[in-house]
Amino acid sequence: MENNEFHCPLCDYRGELRTFRGRFHAQCPRCYSLERHRFQFSVLKKVLDEQAMKSMIALHFAPESSMKKYFSTRFGCYKTADLMMNDVDYKVDIQSLPFTDESFDFVFASHVLEHIVDDRKALSEISRILKPKGMAILPVPIVTESTIEYPEPDPLQDNHVRAPGMDYYERYTDYFSTCQFYSSEEVDAECQPFVFIGGNYRHPLRVDEHKMKDIIPICYR
């Protein structure tokens with residue numbers, strides 16, 4: 001790739017990005033955002049009105065530091081949740097949430113559901129706590145053509161319990177009225193929203209010999 005200079009929209013850094021877990025041009029050296037975070041941020045700027053965000057109640061699972069900083073200054077009420085993390089507002093199991101029906105306007109859980117054994121129960125719970133017309137952003141790493149369920153968590157894959165495939169997001173249609181999908185190719189390439197990795201890995205979202213795109217689902221109740 002000829003251009004090694006990028007722009008991180010989360011912290012306004014401009015320059016080279018670090019290699020992360022063998023992925024080139026991946027991590028911002030200032031805010032530590034990764035490809036998916038910059039992609040997600042760019043999509044959020046398209047689908048969320050900042051004025052409307054001030055009146056919204058948001059719930060963020062497994063909060064990433066780069067996204068947490070943005071959400072906490074934009075949403076009128078912003079809460080974090082996770083089962084294993086300590087520095088969150090709610091230490092809860094996403095498969096069994098303690099919140100009343102229709103409690104939140106917005107739910108964000110990035111790269112979470114591939115860790116959840118009963119992901120359909122989690123999807124049901126997320127839908128339940130969303131207000132009518134509420135929005136959930138629930139991306140997972142698409143790595144194969146068809147989803148593969150593992151008999152137990154795989155320690156070599158950060159304890160994922162499945163390898164989500166191109167068919168994975170079809171599950172969302174059982175729990176949400178509408179799902180819209182955005183691709184890395186639909187945002188400014190300057191933010192570097194692609195996954196760059198060498199080798200001949202036959203990834204279903206490969207764009208060329210160097211990079212793979214990502215997909216973000218925007219789900220509405």
Side-chain angles (χ1 to χ4, degrees), residues 5-18 20 25-92 94 97-100 102-113 122 125-127 129-141 176 180-184 186-194 214-221:
E5 300 286 319
F6 298 101
H7 174 234
C8 175
L10 285 98
C11 68
D12 206 31
Y13 166 81
R14 292 182 183 274
E16 294 187 5
L17 300 174
R18 295 173 177 169
F20 181 83
H25 316 303
Q27 187 180 61
C28 173
R30 180 181 292 171
C31 70
Y32 307 112
S33 68
L34 297 175
E35 311 96 325
R36 65 177 179 268
H37 302 134
R38 296 187 297 273
F39 175 33
Q40 292 161 3
F41 179 86
S42 298
V43 170
L44 284 166
K45 297 289 283 185
K46 291 175 177 285
V47 301
L48 281 176
D49 178 85
E50 291 208 352
Q51 188 62 38
M53 291 172 72
K54 295 178 181 179
S55 64
M56 295 172 69
I57 303 172
L59 183 64
H60 185 182
F61 286 97
E64 311 91 328
S65 59
S66 56
M67 299 300 289
K68 180 179 179 179
K69 183 177 180 180
Y70 170 69
F71 286 150
S72 64
T73 60
R74 297 302 194 281
F75 284 109
C77 180
Y78 169 72
K79 299 295 182 180
T80 57
D82 194 79
L83 183 59
M84 307 304 294
M85 297 172 67
N86 291 318
D87 188 22
V88 292
D89 296 304
Y90 304 113
K91 199 164 186 177
V92 295
I94 198 171
L97 296 173
F99 311 116
T100 58
E102 303 179 1
S103 298
F104 297 92
D105 300 284
F106 179 87
V107 173
F108 190 87
S110 173
H111 288 219
V112 171
L113 293 173
E125 283 290 88
I126 292 169
S127 177
I129 66 170
L130 271 181
K131 295 181 181 180
K133 299 184 180 180
M135 175 192 298
I137 300 184
L138 311 170
V140 297
F176 302 99
Q180 298 176 344
F181 300 93
Y182 288 83
S183 163
S184 301
E186 297 179 64
V187 300
D188 189 348
E190 189 182 25
C191 77
Q192 209 315 77
F194 296 92
D214 196 2
I215 295 175
I216 292 178
I218 310 293
C219 309
Y220 297 90
R221 184 170 183 270

Could you check whether any side-chain heavy atom of L44 comes within less than 4.5 Å of a side-chain heavy atom of M53, counting everything from C-beta outward?
no
Would you check if H7 and D188 make a side-chain contact, meaning some heavy-atom pair closer than 4.5 Å?
no
Between L34 and E64, is a side chain to side chain contact (heavy atoms under 4.5 Å, CB included) present by the stated rule, with each step listed?
CA-CA 10 Å; L34 297 175; E64 311 91 328; over 6 Å; no
Is any side-chain heavy atom of F61 less than 4.5 Å from a side-chain heavy atom of L138?
no
Do any N or O atoms from the side chain of R221 and from the backbone of S127 form a donor-acceptor pair under 3.5 angstrom?
yes
Between K79 and D89 the two heavy atoms that sit nearest each other are CA-OD2, 3.3 Å
So which heavy atom on F176 is nearest to which on A136, and how close?
CE2-CB, 4.2 Å
Spacing of CG belonging to L113 relative to CD1 belonging to I94, to within rounding of 0.5 Å
5.5 Å
Q40 CD to E35 CD distance, which is reported to the nearest 0.5 Å
10.5 Å
Which heavy atom of A62 sits nearest to which heavy atom of M85, and what is that distance?
CA-SD, 3.8 Å
Gap separating the CZ atom of F39 from the OG atom of S33, nearest 0.5 angstrom:
14.0 Å
Does the side chain of M67 come within less than 4.5 Å of L10's, by heavy atoms?
yes
Apply side chain to side chain contact (heavy atoms under 4.5 Å, CB included) to M135 and I218, showing your working.
CA-CA 7 Å; M135 175 192 298; I218 310 293; 3.8 Å; yes
Indicate the atoms forming the closest heavy-atom contact of E50 with Y70, along with that distance.
OE2-OH, 3.6 Å
Exceeds 12 heavy-atom contacts within 6.0 angstrom, atom CG of D12
yes
Short side-chain to backbone donor-acceptor contact, R36 and D214, under 3.5 Å
no
So, applying salt bridge (Lys or Arg N to Asp or Glu O under 4.0 Å) with D105, which one of K133, K54, K131 is it?
K131
C191 side chain reached by C8 side chain, heavy atoms, under 4.5 Å:
no
At their closest point, which heavy atom of P29 faces which heavy atom of E16, and how far apart are they?
CD-O, 3.8 Å
Rounded to the nearest 0.5 Å, what separates atom NE2 in H37 from atom SG in C11?
12.5 Å
Could you give the distance from OH (Y78) to NZ (K68), rounded to the nearest 0.5 Å?
6.0 Å
Which of N86, T80, D82 passes side chain to side chain donor-acceptor pair (under 3.5 Å) with K91? Answer is N86
Is a side-chain donor or acceptor of Q192 paired with a backbone partner of F6 at a separation under 3.5 angstrom?
no
Mind telling me whether F108 and F106 have parallel, tilted or perpendicular rings, with 30° and 60° as the class edges?
parallel
Which atom names give the shortest non-hydrogen contact between C31 and S66, and what distance separates them?
O-CB, 3.9 Å
Is the closest side-chain heavy-atom distance between I137 and V43 below 4.5 Å?
no
Less than 4.5 Å apart, side chain to side chain, heavy atoms only: is that true for S42 and P9?
yes
If the plane angle is over 60° it's perpendicular, under 30° parallel, otherwise tilted; pick one for F99 and F104.
perpendicular
S103 side chain vs I129 backbone, donor-acceptor pair below 3.5 Å
no
Side chain to side chain contact (heavy atoms under 4.5 Å, CB included) between R38 and L17, worked out
CA-CA 12 Å; R38 296 187 297 273; L17 300 174; 3.4 Å; yes
Between R74 and L48, does a side chain to side chain contact (heavy atoms under 4.5 Å, CB included) hold up when you go through it step by step?
CA-CA 10 Å; R74 297 302 194 281; L48 281 176; over 6 Å; no
